[in-house]
Amino acid sequence: MKPFYLIILLLYSCIHINAQISQDTCRQHMAKNLADSIWKLEEVEVTAGRTRKAITGTMSGRLVLQADALKNLPQFLGTADIIRTMRLMPGVQTTGEGNSGLYIRGAEPSHNLLLLNDAPIYNPMHLMGFFSIFNGSHLNRATLLKSYISPQYGGRLGSTLSIGTRDSLTRRIGAEGNIGLISSQGTLSIPVSRKSSLYLSARGTYLNPILGLFNSAEDGSKLRYGFQDYNLTYIYAPSEKSKIIINGYFGNDKLTIKQNDYQVDAGIQWSNLASSIQWQLNLRKNRRLEQTLFFSEYENKINIDQSGAVIRLPSDIKDMGYKGNYSFYCLKSHWTIGADYTYHQTHPQYPEVDNLYGTSLTSPVEKYKTHETGAYLNCDAALFANMTAHIGLRYSSLFHVSPNGQLSKYYGGLEPRFSLEYELHTNQKVILSYALQRQYMNQVAVSTLSFPIDFWVPASQNILPQLAHSFSAGYFQSIFNDSYEISVEGYYKRLTNQLEFKGGLFDMINQQYIIEDRLLSGDGYTYGGEWMIKKNKGRLTGWISYTLGWSRRKFPAINNGRFFPAKHDRRHDLSIVTNYRINTKWDCSAVFVYATGSALTVPISVYMIGENAISEYDPHNGARMPAYHRLDLSVNYWFNRGATRESGLNFSLYNAYARKNPIYLGYSIHTDKENKTAEIEKRSPGLYRLIPSISYMFKF
């Protein structure tokens, strides 16, 4: 039975729980001075709206996005998406059309740890980058850690994005959402009893009729796409000190492409499922116990039909595990000790072929079974009156199990990390940090296209774990009574045991295909600088963020062993966000983004051998896509707007000046047999030019 359905059964059971947990009185003010010295600056108000805080934590080197204040940020299609907003922050790269990855500080998307109530998410975006899988009206907050990563988060080389759903009880039935031309979403709040509440959310899109009116492909192709999201959260608080939260999420995407010129029908279907049960218990003397059971599944199915020949490439990854930690105050410091365990079952892409050149092929399904464990200790201490230290140590390991159930490989090691925060003045801070991180689950890119067709493989007999040494330094300052904030950060990351797929998608269709033989191993590095200035007060608010970065890779079998740009290497990344409140009824916003084109390999010449055209290519990733830039406009009109009730209209225009940002570069070779010549023709199709939308927003 799917764990998502088990959540429903658990929900039904929890509604009838009558257990009582002791009502111990907690001394709330113990160690308050130390807590304030450590966490005070994480709550500096840096709003992008009127009164509610929208983005906090900037002055402490971390980003906290308050979900209930998303309406104060620029909106598109009636909603301000959490991931889309994060992409406007420094160090988080703007992506091209159709790209669903989250690139942070030059790292691969797979290097980032994404958690939904502690359950891992392997693909956080829907196609085209319009929406993430996270329904904003169902969420509480999102925290992005780019510099110091607490040791409670492991298994990735890059940043951590932790997203939490609603976690408070509701006393009345309510609804919140929007209805638009392209998509609609809604969240229902239900008080089940005095000590329990239920939140239900759903979202869907109907892009196809609208896109067909404004966009058309130049190569005769037709694209159809749709997605759905469903969320469930049940909260049971038997006492003021104890809380149980049950979460379930399921999302499904389906994309079909019909290419008339080549008689190709292709389809990609992928889905995310995540569920968790969290128990939070506040004990005496400011002690806290948290425990979580979770399950996560990501499936990806590719089907290609060309003139009756059918190719299928399924893959999936399933995780289930436990996380627990205990935090307390000791020796004038805040300590956290914990452990986690994850069982991974991974099925990489293996081809299934019907009627290809009169033959059929079904490759043996090889499922990897691995056990990943971690134990950690973290200490937050005020060393001096103006200096705070965060010191963490984690030990992680991976056990690889052979098909006969025997332990075939073991990897493990220590992961030290620390951060020093020095307050120059009450409004100035300098932060230095270092982290050693290990990653045992690897994503393999099999195509230069931005569609979600990549798959996952774990470290094994022939695949080593990835390793990264990360350094960062930052300066943060608020000026003019916190009306403005300025931040400057530099980073450097050294990467080892990175993976590249040797060949292309169709190289898998081979009787001798063995996935580990197709993987190349190499090293790399990323470094750069980030700048940001934010205006927090007044009718006009917003920010400007800029990142200058490099991302390089080095593989012995690629580019003659010389360094080359990573696919997502973008030299410049600029985001300008403005929000202007005209009056109590009207507000408007604009977002402009610019990014250097991503790297790719292109043919530079063609010569003929007999009747065959042979291409000569540029150095690996030696060319660039056209620069990406876009302007989005949004206007809100509010019929009424209060604490518990609101309604209004959102008018938005995506890509306002109809910039043609190509999804990929294609090259066709035209040969002239009589003159024995060949000509290369470049094509740069885009999915869309501009997308207008009107949405009705409501809350009651």
Side-chain angles (χ1 to χ4, degrees), residues 73-81 83-85 87-88 93-101 125-132 178 180-183 205-227 255 257-259 449-451 542 544-545 570 572-580 587-598 600 624-637 649-667 681-695:
L73 297 174
Q75 301 186 46
F76 171 63
L77 303 180
T79 182
D81 188 87
I83 300 296
R84 285 175 55 84
T85 303
R87 283 178 170 175
L88 302 173
Q93 291 175 292
T94 298
T95 56
E97 306 294 17
N99 197 318
S100 58
M125 299 297 294
H126 295 298
L127 190 67
M128 304 178 190
F130 285 162
F131 304 94
S132 71
N178 65 77
L181 295 178
I182 294 178
S183 68
T205 185
Y206 25 89
L207 278 167
N208 297 314
I210 302 299
L211 292 181
L213 297 176
F214 295 94
N215 306 279
S216 61
E218 298 175 355
D219 57 358
S221 62
K222 295 181 180 179
L223 181 146
R224 297 187 64 82
Y225 171 69
F227 70 80
L255 168 71
I257 302 175
K258 185 177 182 62
Q259 232 296 347
L449 297 179
S450 298
F451 296 126
I544 300 175
S545 67
R570 294 180 183 267
H572 307 285
D573 195 292
L574 173 69
S575 297
I576 302 175
V577 180
T578 60
N579 192 73
Y580 183 71
D587 61 76
C588 58
S589 60
V591 175
F592 175 78
V593 295
Y594 174 91
T596 302
S598 57
L600 77 163
R624 292 277 176 179
M625 292 278 287
Y628 180 90
H629 52 89
R630 190 189 77 242
L631 173 66
D632 300 338
L633 302 175
S634 177
V635 176
N636 293 327
Y637 175 77
L649 293 175
N650 170 258
F651 307 88
S652 62
L653 190 59
Y654 182 88
N655 196 15
Y657 54 82
R659 161 72 175 177
K660 180 184 177 183
N661 289 300
I663 188 172
Y664 65 89
L665 292 184
Y667 292 85
E681 179 185 359
K682 182 173 72 173
R683 295 181 293 108
S684 54
L687 287 178
Y688 39 77
R689 289 292 185 92
L690 59 86
I691 302 178
S693 177
I694 301 175
S695 298

Ignoring hydrogens, what is the shortest heavy-atom contact between [X] and [Y]? Give both atom names and the distance.
X: Gly597; Y: Arg624; value: O-NH1, 3.0 Å
X: Asn579; Y: Ser589; value: OD1-CB, 3.4 Å
X: Leu631; Y: Phe592; value: CD1-CB, 4.2 Å
X: Ala656; Y: Leu690; value: O-CD2, 4.4 Å
X: Arg84; Y: Asp81; value: N-OD2, 3.2 Å
X: Ser695; Y: Gly180; value: OG-CA, 3.5 Å

State the [atom1]-[atom2] distance between [X] and [Y], to the nearest 0.5 angstrom.
X: Asn636; Y: Phe651; atom1: CG; atom2: CZ; result: 9.0 Å
X: Asn655; Y: Ile691; atom1: CG; atom2: CD1; result: 8.0 Å
X: Asn178; Y: Ser693; atom1: CG; atom2: OG; result: 8.5 Å
X: Ser598; Y: Tyr628; atom1: OG; atom2: OH; result: 11.5 Å

**Q.** Under 3.5 Å donor-acceptor, Asp587 side chain and Tyr580 backbone
**A.**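 No: the side chain of Asp587 does not pair with the backbone of Tyr580.
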
Q. Backbone N or O of His572 within a donor-acceptor pair of the Thr596 side chain at under 3.5 Å?
A.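 Here the side-chain-to-backbone pair exists.
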
Q | Non-neighbouring partners of Ile544 that pass side-chain contact (heavy atoms from CB on, under 4.5 Å), sequence neighbours left out | A |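 Once residues adjacent in sequence are excluded, the partners of Ile544 under the side-chain contact (heavy atoms from CB on, under 4.5 Å) criterion are Ile533, Leu574, Ile576.
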
Q: List in chain and number order the residues that pass side-chain contact (heavy atoms from CB on, under 4.5 Å) with Ser575, two or more places apart in sequence or in another chain; answer none if no residue qualifies.
A: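 Once residues adjacent in sequence are excluded, the partners of Ser575 under the side-chain contact (heavy atoms from CB on, under 4.5 Å) criterion are Leu88, Thr94, Ser545, Asp573, Val593.
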
Q: Would you please test Tyr654 and Arg630 for side chain to side chain contact (heavy atoms under 4.5 Å, CB included) and show each step?
A: CA-CA 8 Å; Tyr654 182 88; Arg630 190 189 77 242; 3.4 Å; yes

Q) Partners of Tyr657 by ring pair (Phe, Tyr, Trp, His ring centres under 6.0 Å), sequence neighbours excluded? A)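 Ring pair (Phe, Tyr, Trp, His ring centres under 6.0 Å) list for Tyr657, sorted by chain: His629.
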
Q: Answer yes or no: is there a side-chain heavy-atom contact under 4.5 Å between Ser132 and Arg87?
A: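 Ser132 vs Arg87: side chains apart.
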
Q: Give the intermediate values and the outcome of side-chain hydrogen bond (donor to acceptor under 3.5 Å, both in side chains) for residues Ser634 and Asn650.
A: CA-CA 7 Å; Ser634 177; Asn650 170 258; 2.9 Å; yes

